[in-house]
> 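Quick one: structure below, then a few questions.
Bear in mind the structure is a predicted one, so any value in this text is a computation, not a measurement.
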Amino acid sequence: MEKATQYFAILTQNRYIKINFDDTLMTVLRADQVLFEVGELSQGTAEQLYIALRFAFAEEVADVVSLPLLVDDGFVNFDDQRQIAVWTLLQRLSAANQVIYLTANPRTQAHFEADHWLNLEEVGLTHDSKEII
């Protein structure tokens, strides 16, 4: 839960600082000390919580099984700052996990090294292509 809390804080720009579990309920603590049940969160914040939990799980079990992370334009509802934060986390996770991130967002390219980027149009594999990969 420490990693999930850390990731959630990063994704929410420290607006939320703690994730709590008890037997039947998950809550999150906002920086102003207001406690929220997950169902009370906005869709964007709930997505950030889900991502933080998923990324933390993948990192925690990486020494037992390296789970690939496959993301297909999963952050389209994030604003620019939160997209940059999630891309930074993906780069961190790529040290122990294979990360495949599919997107049509051209801004993404600036945040990844050139040898980690493949433009399907440049290699002739666009949506109009008849080839099967």
> Can you pull out every salt bridge (charged side-chain N to carboxylate O under 4.0 Å, His left out) where at least one residue sits in residues 75-90? Sequence neighbours excluded, please.
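Listed by first then second residue: D79-R82, D80-R107.
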
> Q91: what forms a side chain to side chain contact (heavy atoms under 4.5 Å, CB included) with it, not counting sequence neighbours?
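For Q91 the side chain to side chain contact (heavy atoms under 4.5 Å, CB included) partners, ignoring immediate neighbours, are F112.
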
> Provide the closest heavy-atom pair for A4 versus A52 in the form atom of the first, atom of the second, distance.
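Taking A4 first and A52 second, the nearest heavy atoms are O-CB, 3.5 Å.
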
> Which other residues end up in the same hydrophobic cluster as I17, if Ile, Leu, Val, Met, Phe, Trp and Tyr are linked when side-chain heavy atoms come under 4.5 Å apart?
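Members alongside I17: L29, L35.
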
> Which residues pass the side chain to side chain donor-acceptor pair (under 3.5 Å) test with E2, sequence neighbours left out?
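E2: no side chain to side chain donor-acceptor pair (under 3.5 Å) contacts found.
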
> Taking side-chain contact (heavy atoms from CB on, under 4.5 Å) as the criterion, tell me which of L70, L69, V71 meets it with V99.
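Considering L70, L69, V71, a side-chain contact (heavy atoms from CB on, under 4.5 Å) with V99 is found only for L69.
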
> Who are the side chain to side chain donor-acceptor pair (under 3.5 Å) partners of S42, not counting sequence neighbours?
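For S42, the residues satisfying side chain to side chain donor-acceptor pair (under 3.5 Å) (neighbours in sequence not counted) are T45.
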
> Restricting to side chain to side chain donor-acceptor pair (under 3.5 Å), what partner residues turn up for K3, sequence neighbours left out?
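In terms of side chain to side chain donor-acceptor pair (under 3.5 Å), with neighbours along the sequence ignored, K3 is linked to E59.
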
> When rounded to the nearest 0.5 angstrom, what distance separates CG in L93 from OG1 in T88?
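These two atoms lie 11.0 Å from each other.
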
> Got a sec, which pairs hit salt bridge (charged side-chain N to carboxylate O under 4.0 Å, His left out) with one end in residues 16-25, sequence neighbours left out?
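Checked against salt bridge (charged side-chain N to carboxylate O under 4.0 Å, His left out) - neighbours excluded - no pair reaches residues 16-25.
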
> Give me each pair satisfying side-chain hydrogen bond (donor to acceptor under 3.5 Å, both in side chains) with a member in residues 29-40, each pair once, sequence neighbours excluded.
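Every pair satisfying side-chain hydrogen bond (donor to acceptor under 3.5 Å, both in side chains) with a residue in residues 29-40: R30-D32.
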
> Atom CG of N20 and atom OG1 of T5: how far apart are they, to the nearest 0.5 Å?
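Going from CG on N20 over to OG1 on T5, the span is 7.5 Å.
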
> If hydrophobic residues (ILVMFWY) are linked whenever their side-chain heavy atoms come closer than 4.5 Å, directly or via other members, who joins F8 in its cluster?
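Same cluster as F8: M1, Y16, I19, F21, M26, V28, V34, F36, V38, L41, L49, L53.
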
> Strictly by ring-ring contact (aromatic ring centres under 6.0 Å, His included), give each pair with a member in residues 49-80 just once, sequence neighbours left out.
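Only F75-F78, F75-Y101 qualify under ring-ring contact (aromatic ring centres under 6.0 Å, His included).
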
> For Q13, enumerate each residue passing the side chain to side chain donor-acceptor pair (under 3.5 Å) test, keeping only those at least two apart in sequence or located in another chain.
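Result, side chain to side chain donor-acceptor pair (under 3.5 Å) vs Q13: Q81.
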
